[in-house]
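Note sheet for the following structure.
Each chain gets a letter, A, B and so on, in the order the sequences are listed, and its residues count up from 1.
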Amino acid sequence: MEGGLETFFGVFLRKNSVFLDKRALQSTYIPENILHREEHTQQIANTLAPALKGEKPSNLFVYGKTGTGKTLTIKYTTQKLAEVAETENAPLKIIYINCKLKRSADTEYRLMAQLAGELGKMVPPTGLPTGEVYGAFLRALNRQKRNCIIILDEIDQLVNKTGDNALYNLTRISEATESQVSIIGISNDIMFADILDPRVRSSLSEEEVVFPPYNALQIQSILKQRAELAFKKEALELGVIEKCAAYAARDHGDARRALELLRVAGEVADRENSSKITTEHIDKAEAKIDRDRVIDIVATQPKQYHLVLYSILSLKPNKNSNLFTGEIYELYKSLCNKTNTSILTQRRISDIISEFDMLGILNARVISKGRYGRTREISIEIPDTALAKIKQILEDSIHT
DNA sequence: CCTCCACCGGAAAGCCGGGTCA
DNA sequence: TGACCCGGCTTTCCGGTGGAGG
């Protein structure tokens, strides 16, 4: 086996790939021009433009389903704005924050700490009273003496988890200081605004932009634009883009998913040493994405969750028989005893089951069995191809 | 039409680990 | 070192409920 690895790497390097530049398919990539969002871009630009004259732009609220180009368009627009501000010497600070990022900006404290950090005032990630962090942020803000635009992406996550306190304070800050702070909120939950305090809502959505889903034709042109950069010439077989777009349009016009599908299809083709991407590769890619997603979610779950899921899987070897919370809990308890694990309350297990439901691993809905009580009816939503692997993961995790 | 089951699910509070600060 | 703070996970408490069976 001498030189085995060297040979392998050598072959790997020289191996033909369908890709030219994979980055063009990644979700962080910002293209030269954004298709089918001309009006939105303009509308956003209109709202933000006053910042160049040192006036405070209106707060802006953006919503639309996932993969409709919200984040992309906002980033694109603010980036251009920052460039102009730079050359025109108009003091302007733009802060982008994703509220969904775990341990980063998903609580009031962490959001404020993050904001203060962006303004050059480092704050310890924990330990201080929240009020202190507000103070730090305010001081940093006043020292800046320039217009500030704060972009809060996935803002619904923040509010769902920790309430609208932070937003309330944030919208009021701009009234209470010299510096001018504008907020751009991005949400993919349209109902989100309803749970806000009315004062916060009206303040936050001085301007509103709604991003509709793309249709199949629009997704096609987006895919073509990116594929041009990402793949070698002739690497795409006829109909591949169309099929990709059709899949994405089928589930609510999610362009991000379409791009991911195309990228993974390319990777599958590479692995098979195929010089072309065919429509079969798309199918394989779709299955792979689905499978990987589920496996990844399960694998990163803590042990108690594994015990619950394992109980459910053991109770249900065949499809179309449904389970109820009570029986799952019974098995879970005995499993805990066998493995020397502390037993959680049924109330807690109930929540864990709901979480699996939200993650799309299970399907749980409350039903009434009349005389025999009210409970959840639970079924499994794991693709067959992933089942064996999942069971493996669960068993490994439980017996440690 | 009423009862009553077997849970649901909200609210609040406790515990614990990670941290700051004086 | 001790007083305090945050956030994640969990327990405790408890009012609520759709509908089969009487």
**Complete:** Smallest heavy-atom separation, N59(A) atom then I183(A) atom, equals OD1-N, 2.8 Å
**Request:** To the nearest Å, give me how far apart OH (Y372(A)) and P (dA20(C)) are.
**Result:** 11 Å
**Message:** Please tell me if R348(A) has a side-chain N or O lying less than 4.0 Å from either OP1 or OP2 of dT10(C).
**Reply:** yes
**Request:** Check if the side chain of T107(A) and the base of dG7(C) share a donor-acceptor pair of N or O atoms closer than 3.5 Å.
**Result:** no
**Prompt:** dT12(C) C1' sits how many Å from L344(A) CG, rounded?
**Reply:** 14 Å
**Message:** Mind checking if K102(A) touches a base, just sugar-phosphate, or nothing, with heavy atoms under 4.0 Å?
**Reply:** nothing
**Message:** Here's one to test your reading of the geometry: is the NZ or CZ of R263(A) within 45 degrees of the ring axis of F19(A) and under 6.0 Å from its centre?
**Reply:** no
**Request:** Assign R347(A) to base, sugar-phosphate, or nothing according to its heavy-atom contacts below 4.0 angstrom with the strands shown.
**Result:** base
**S350(A) side-chain N/O to dC8(B) phosphate OP1/OP2 under 4.0 Å** = yes
**Message:** Need one value for I343(A): base, sugar-phosphate or nothing, where a base atom within 4.0 Å counts as base even if backbone is also close, heavy atoms only.
**Reply:** sugar-phosphate
**Message:** On a heavy-atom basis, which atom in V18(A) and which in G266(A) lie closest, and how many Å separate them?
**Reply:** CG2-O, 3.7 Å
**Request:** Give one of base, sugar-phosphate or nothing for Q346(A), where a contact means two heavy atoms less than 4.0 Å apart.
**Result:** sugar-phosphate
**Asked** Just checking T130(A): base, sugar-phosphate only, or nothing, at a heavy-atom cut-off of under 4.0 Å?
**Response** sugar-phosphate
**Message:** Looking at S368(A), I'd like to know whether one of its side-chain N or O atoms comes within less than 4.0 Å of OP1 or OP2 on dT17(C).
**Reply:** no
**Asked** Is any N or O donor-acceptor pair between the side chain of R103(A) and the base of dG8(C) shorter than 3.5 Å?
**Response** no
**Exceeds 12 heavy-atom contacts within 6.0 angstrom, atom CZ of R256(A)** = no
**Phosphate OP1/OP2 of dC8(B) contacted by T325(A) side-chain N/O (<4.0 Å)** = yes
